[in-house]
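Reminder, nothing fancy here: chain letters follow the sequence lines and each chain counts from 1.
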Number of protein chains: 2
Amino acid sequence: MAERARQIVEAARELLEKEGADALTMRRIADRLGIRAPSLYKHFPDKQAVELELIAQGLQEQAEALMAATEDEQPLVALGAAYRAYALAHPHLYRLMTAGPLPRHLLPDGLEARAALPLVRIVPDEHRARALWAFAHGMVILELDGRFPPDADLDGAWRVGLAAFAQVAAR
Amino acid sequence: MAERARQIVEAARELLEKEGADALTMRRIADRLGIRAPSLYKHFPDKQAVELELIAQGLQEQAEALMAATEDEQPLVALGAAYRAYALAHPHLYRLMTAGPLPRHLLPDGLEARAALPLVRIVPDEHRARALWAFAHGMVILELDGRFPPDADLDGAWRVGLAAFAQVAAR
DNA sequence: GTCTATATTATGATAGAC
DNA sequence: GTCTATCATAATATAGAC
């Protein structure tokens, strides 16, 4: 990727993280670089291509954070904590990464598999792995969307949920 | 609610269910009733008020479906099945109901509690109830968004996930 | 309670000059 | 690779006549 393209993605990411998806417009991205929106189209074919770079970046980062957690002596607990931490640290990016169909065919080769690897590593059974993923995503997205009561003890819900999946492992 | 207002909500619901959130515009709603968009504002202050009626309708219906499931001899399994069935039968409404912050103060009194009641009834522990809710929502929203591999056995994931929560219940 | 006309505000994207 | 000018599209919502 050329230098200018890199700067565009960087500007897009800052905008998304700081102001959310609504602020992620071609004009705002261009503003940040001191150029005009139409100039962006010399570097990317359309807006979706810029978003795709952000999604790929997020998946890669998340994969690295989760993989580190699998080294923990309580990998399931560490994985849950790492999943939640990444989502809360990058709420808008997390939403972009997880909302709507994944444009699989446009992602770098093997990235989706790499993102799933930490989970597969500590939860080999595919049903259990998918159930655990759903639990983690559900917890995170409900928290980000403010759907839990404001005074809910989410640490407690995470603890109990992860314990449930640990038990299934042991049976 | 006056008759015309009821018709507006009905038209809005049909549009949402059949064509999704993008089709839910004041123009399209008016079209369906053979009137012009500005006329709608004689019956509702703004679009959000119409959407709010749809959300309330969905929460009420869902609560009824889930409450029936709690009578089953395997209430946890039945509850999971009912949750998934409602979401898959009304995917766009489900998304509207669950995306973004719940406008609690605008909902009919007690509706949110009524929606949570079936779950609370069979899962008295609040941590476990929230964890189970997150699992169910995660499973459903990932399925609706097409995030699971196309060939994934989701029945299997549901089975294993629900079994995990059943075990926690029994300990 | 309905209409027409319009305000207001955006967006992504293209054409063509430089 | 950048610019200006513009297209094409669309949305919610209001004013004021009838």
Side-chain angles (χ1 to χ4, degrees), chain A residues 1-57 92-93 95-97 99-103 105-107, chain B residues 1-57 92-93 95-97 99-103 105-107:
Chain A
M1 191 160 49
E3 177 58 18
R4 197 45 150 168
R6 241 182 285 275
Q7 293 173 344
I8 290 169
V9 173
E10 189 185 336
R13 171 129 186 201
E14 287 169 10
L15 261 177
L16 175 65
E17 299 245 32
K18 288 179 186 154
E19 300 187 47
D22 284 355
L24 191 62
T25 71
M26 297 303 264
R27 279 169 229 261
R28 295 291 309 274
I29 295 170
D31 278 354
R32 219 152 219 275
L33 296 172
I35 62 178
R36 305 290 179 168
S39 306
L40 299 174
Y41 292 88
K42 296 290 181 179
H43 305 277
F44 288 92
D46 51 32
K47 187 188 173 185
Q48 205 206 321
V50 179
E51 287 179 342
L52 197 73
E53 288 297 322
L54 295 180
I55 291 170
Q57 227 175 61
H92 299 297
L93 179 58
R95 271 202 184 80
L96 185 67
M97 288 161 57
L102 191 66
H105 56 292
L106 300 177
L107 285 178
Chain B
M1 191 159 51
E3 177 58 17
R4 197 45 151 173
R6 242 183 283 276
Q7 294 173 344
I8 290 168
V9 173
E10 189 185 334
R13 171 129 185 202
E14 285 169 11
L15 261 176
L16 176 65
E17 299 244 34
K18 288 180 185 152
E19 300 187 46
D22 284 356
L24 191 62
T25 71
M26 297 304 261
R27 281 172 229 260
R28 294 292 309 276
I29 295 171
D31 278 355
R32 219 153 220 275
L33 296 173
I35 61 176
R36 304 289 179 170
S39 305
L40 298 175
Y41 292 87
K42 296 290 181 178
H43 305 278
F44 288 93
D46 50 31
K47 187 186 173 185
Q48 205 206 321
V50 179
E51 287 179 343
L52 197 74
E53 289 296 324
L54 296 179
I55 292 170
Q57 227 175 62
H92 299 297
L93 179 58
R95 262 189 244 274
L96 184 68
M97 288 161 57
L102 190 65
H105 56 292
L106 300 177
L107 285 178

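- Under the 3.5 Å distance criterion, the side-chain polar atoms of Asp46(A) are matched with a main-chain donor or acceptor of Ala49(A).
- Atom CG of Leu15(B) and atom P of dA11(D) are 11 Å apart (whole Å).
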Check against side-chain contact (heavy atoms from CB on, under 4.5 Å), Gln57(A) and Glu53(A): CA-CA 6 Å; Gln57(A) 227 175 61; Glu53(A) 288 297 322; 5.8 Å; no
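- In this structure, CG of Leu24(B) is placed 12 Å from C1' of dA11(D), rounded to the nearest angstrom.
- Put simply, CZ on Phe44(A) is 15 Å from P on dG12(C), counting in whole angstrom units.
- The CD1 atom of Ile29(A) sits 13 Å away from the C1' atom of dT11(C) (whole-angstrom rounding).
- One interatomic measurement links the two molecules: CG of Asp22(B) to P of dT9(D), which rounds to 17 Å at whole-angstrom precision.
- Both Arg4(A) and Thr25(B) lie near DNA chain D, and the one whose nearest nucleotide falls closer to the 5' end is Arg4(A).
- Taking 4.0 Å as the cut-off between side-chain N and carboxylate O, Glu10(B) and Arg32(B) do not count as a salt-bridged pair.
- A heavy atom closer than 4.0 Å to some atom of DNA chain C occurs in Pro38(A), Tyr41(A), these being the qualifying members of residues 31-42 of chain A.
- Distance Asp46(A) CG to dT11(C) P: 17 Å, rounded to the nearest Å.
- Classification of Glu17(B) and Arg13(B) as a salt-bridged pair holds, one side-chain N sitting under 4.0 Å from a carboxylate O.
- For the pair Lys47(B) and Leu24(B), the tightest heavy-atom approach, listed with the atom from each and the gap, is NZ-O, 2.8 Å.
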Trace of the side-chain contact (heavy atoms from CB on, under 4.5 Å) decision for Val50(B) with Leu40(B): CA-CA 10 Å; Val50(B) 179; Leu40(B) 298 175; over 6 Å; no
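- Following rounding to the nearest Å, Lys47(B) (NZ) and dT14(D) (C1') show an atom-to-atom distance of 18 Å.
- Closest heavy-atom contact between Leu15(A) and Ile29(A): CD1-N, 3.5 Å.
- Atom CZ in Arg6(A) sits 5.0 Å away from atom CE in Met1(A) (nearest 0.5 Å).
- Residue Arg27(A) is classed as a base contact, given a heavy-atom separation below 4.0 Å to a base.
- Annotation: Glu19(B), atom CD; neighbour count of heavy atoms from other residues, nucleotides and ligands within 6.0 Å is above 12.
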Per-nucleotide pairing state of DNA chain C [Watson-Crick or G-U, under 3.5 Å; [ ] pseudoknot-crossing; | other strand]: ||||||||||||||||||
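- The nearest whole Å value for the distance from the CZ atom in Arg6(B) to the P atom in dG1(C) is 14 Å.
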